[in-house]
Amino acid sequence: MILTSVQLDRAAGVLLGLACGDALGVGYAFSEPMPDSAFVTMNGRVGLAPGEWSDATAMTLEIARATAAGQNVRDEATLDDIVAAWGESSGAASEPELRRRAVQAAVEPTAAAWREMASRRHERHGRSVDSGSLLRSAAVALAHLDDPAALAEAARAVSVLTHEHADAQDACVLWGLAIRHAVLNGELNVRVGLPALAEGRRPLWWARL
């Protein structure tokens, strides 16, 4: 797909916005909701300097590097490469990533091993829903601007590496397709991806949105 200069700017803005938002939000992760009048700033966190992003962005960038090199994240070999890169990357000490590091220390650096560990963790705790895999769907979206069906498939493949819960995977599909739509059309519409979900899941997400 050949993008216009405006679309290219939007695509670059996806990753830039992700990194900036991560660097801003990481200092407030797991905090109580704040009033609209609260002053927020890039204040860092344990193990992070002010303005430094967390492993969420670092992991997303590994996906972006792989797809920029022509790799397909729907292929198991590519997922293996990405998982191996995650294990080698330096990163933050934010709570979700401490859990990720615990997973990585206990399993082989393969996609299959990560999925198995994510499944076991889900069975133990009953839920595995947070924003970790949602953030990574940004890079997946940019790699599939020309193919929404492949985007949805890839978003699930990347999400399930760490998040077993169907809600997490659905959210990645919806957000990835929303990013695609925004890059191509300059409009934010999270509902645009609803047809990509299983029919029985659509009313739940329509009500939520």
Side-chain angles (χ1 to χ4, degrees), residues 1-3 7-8 10-19 22 55-87 89 96 100 103-104 109-119 122 128-185 188-199 201-202 205 209:
M1 171 180 286
I2 299 176
L3 301 182
Q7 290 170 329
L8 284 171
R10 292 174 188 152
V14 169
L15 292 182
L16 179 61
L18 168 69
D22 184 20
D55 275 10
T57 297
M59 295 167 79
T60 303
L61 292 178
E62 294 297 347
I63 298 170
R65 290 188 184 100
T67 56
Q71 293 180 275
N72 185 342
V73 294
R74 290 174 292 153
D75 292 342
E76 190 74 359
T78 298
L79 292 175
D80 286 343
D81 290 343
I82 290 171
V83 164
W86 287 352
S89 64
R100 181 184 67 80
V103 170
Q104 110 188 12
T110 66
W114 276 54
R115 286 192 296 266
E116 176 65 21
M117 184 59 71
S119 178
H122 177 71
S128 56
V129 180
D130 56 48
S131 63
S133 65
L134 185 72
L135 297 175
R136 301 196 298 268
S137 62
V140 175
L142 295 181
H144 297 85
L145 294 176
D146 61 339
D147 191 339
L151 192 162
E153 182 181 344
R156 290 190 185 278
V158 172
S159 179
V160 78
L161 293 171
T162 53
H163 292 69
E164 171 76 11
H165 202 287
D167 279 358
Q169 296 171 43
D170 283 351
C172 288
V173 171
L174 290 172
W175 192 233
L177 289 169
I179 290 173
R180 174 184 180 272
H181 184 77
V183 169
L184 297 181
N185 302 291
L188 179 61
N189 182 355
V190 183
R191 293 184 178 88
V192 75
L194 283 170
L197 302 184
E199 187 173 354
R201 301 281 295 171
R202 295 171 196 168
W205 280 100
L209 295 171

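Numbering of residues begins at 1 and proceeds along the displayed sequence.
Smallest separation of non-hydrogen atoms from Ala64 and Leu15: CB-CD1, 4.4 Å. Taking every heavy atom of both residues into account, Ala118 and His163 meet most closely at CB-N, 4.2 Å. When all heavy atoms of Val73 and His144 are compared, the pair lying nearest together is CG2-CE1, 3.8 Å. The shortest non-hydrogen separation linking His181 to Asn189 is CD2-CB, 4.1 Å. When all heavy atoms of Ala111 and Leu161 are compared, the closest pair comes out as CB-CD2, 3.6 Å. Residue Asp167 comes nearest to Trp205 through the heavy atom pair O-CZ2, 3.5 Å, listed as atom of the first residue, atom of the second, then distance.
Leu135 is not listed as a side-chain neighbour of Thr57, based on a closest heavy-atom distance of 4.5 Å or more. At least one side-chain heavy atom of Trp86 sits under 4.5 Å from a side-chain heavy atom of Ile63. Counting heavy atoms from C-beta outward, Arg115 and Leu79 have side chains that approach closer than 4.5 Å. In this structure the side chain of Thr162 reaches within 4.5 angstrom of the side chain of Arg136, judged on heavy atoms. Side chains of Leu184 and Met1 form a contact here, defined as non-hydrogen atoms less than 4.5 Å apart. Residues Val192 and Arg180 form no side-chain contact, since every pair of their non-hydrogen atoms from C-beta on lies 4.5 Å or further apart. Counting heavy atoms from C-beta on, the side chains of Leu142 and Thr67 never come closer than 4.5 Å.
Here CG of Leu61 is found 11.0 Å from CG of Asp55. Values are rounded to the nearest 0.5 Å. Atom CZ of Arg10 sits about 10.0 Å away from atom CG of Leu3, to the nearest 0.5 Å. We find the CG-CD distance between Leu197 and Gln169 to be 11.0 Å, quoted to the nearest 0.5 Å. Note: Arg201 CZ to Leu194 CG = 11.5 Å, rounded to the nearest 0.5 Å. Taking CG of Leu174 as the start and CG of Leu209 as the end, the distance is 6.5 Å to the nearest 0.5 Å. Taken from OG in Ser133 to CZ in Arg156, the straight-line distance is 11.0 Å, to the nearest 0.5 Å.
A donor-acceptor pair is defined here as one N or O able to donate and one able to accept, closer than 3.5 Å; no such pair exists between the side chain of Asp80 and the backbone of Thr110. A donor-acceptor pair under 3.5 Å is absent between the side-chain atoms of Thr60 and the main chain of Ala139, judged by distance alone. Arg74 contributes no side-chain N or O that, together with a main-chain N or O of Glu153, makes up a donor-acceptor pair within less than 3.5 Å. Here the side chain of Arg202 pairs a donor or acceptor atom with the backbone of Pro195 at under 3.5 angstrom. For the pair Ser159 (side chain) and Ala155 (backbone), a donor-acceptor distance under 3.5 Å is absent.
Sorted pairs that involve residues 139-151 and meet salt bridge (charged side-chain N to carboxylate O under 4.0 Å, His left out), not counting sequence neighbours, are lacking altogether.
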